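See structure below.
Quick caveat: nothing in here was measured; it's all calculated off a predicted structure.
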Amino acid sequence: MNILIAVAIAPVGVGEELSQDVAEVVRVIRNSGLPNRTTSMFTEIEGEWDDVMRVVKDATFVLAQKGIRTEVVLKADIRPGFTNMLDIKVEKLNSILDEKH
């Protein structure tokens, strides 16, 4: 079943600048081959449940395996029968906003 998730995976207790550690996490997600998009606070990933959860686990363990306490925030949209929601949801919203101008 296809799902769309928004996930934030971040190190805890390693100082104020987290960019290097977060970049390692995002690299794993981008190299997964699944459709994804990174914003300032979350990375969205779309695919089959097991594939997406495997990527979340792999990305989380990049930090955890280095002994870094790791926080994961995950939000999932499970909508049977729908795919390409990573783009379609935003396209629908933009078309509504464009109609209002």
Handout entry: Pairs touching residues 20-30 that satisfy side-chain hydrogen bond (donor to acceptor under 3.5 Å, both in side chains), sequence neighbours left out
Key = E24-K66

Practice task
Can you run down the salt bridge (Lys or Arg N to Asp or Glu O under 4.0 Å) pairs that involve residues 38-53, sequence neighbours left out, and say none if there aren't any?
Solution key: R37-E44

Problem - Inter-residue atom distance E99.CD - N94.CG, 0.5 Å rounding - result: 11.5 Å

Problem - Spacing of OG1 belonging to T43 relative to CD1 belonging to I29, to within rounding of 0.5 Å - result: 4.5 Å

Practice task
Flag yes if V28 and L74 sit in one hydrophobic cluster, no otherwise; membership is Ile, Leu, Val, Met, Phe, Trp, Tyr, and two members link when side-chain heavy atoms are under 4.5 Å apart.
Solution key: yes

Problem - Under the side chain to side chain contact (heavy atoms under 4.5 Å, CB included) test, residues paired with M1 that sit two or more places apart - result: I78, P80

Exercise for the section: Give a yes or no on whether L86 and I45 share a hydrophobic cluster (residues Ile, Leu, Val, Met, Phe, Trp, Tyr; joining criterion: side-chain heavy atoms under 4.5 Å apart). Expected result: no

Problem - Same cluster (ILVMFWY, side-chain, under 4.5 Å), F42 and V56 - result: no

Problem - From L18 atom CG to L63 atom CG, the distance as rounded to the nearest 0.5 Å - result: 9.5 Å

Can you give each donor-acceptor pair under 3.5 Å made by side-chain atoms of residues 4-13, sequence neighbours left out, with the distance rounded to 0.1 Å?
none

Practice task
Establish whether V72 and F61 are linked, either directly or via other cluster members, by ILVMFWY side-chain heavy-atom contacts under 4.5 Å.
Solution key: no

Fill in the blank from the handout: Separation between CD (E91) and CG (D98), nearest 0.5 Å, reads 11.5 Å

Handout entry: By side chain to side chain contact (heavy atoms under 4.5 Å, CB included) - contacts of S32 (at least two apart)
Key = L34, V55

Completion exercise
Output for pair (K92 NZ, D87 CG), nearest 0.5 Å, gives 12.5 Å

Handout entry: Residue pairs involving residues 75-84 (criterion salt bridge (Lys or Arg N to Asp or Glu O under 4.0 Å); sequence neighbours excluded)
Key = D77-K89

Handout entry: Joint cluster assignment, V90 & I3, ILVMFWY side-chain distance < 4.5 Å
Key = no

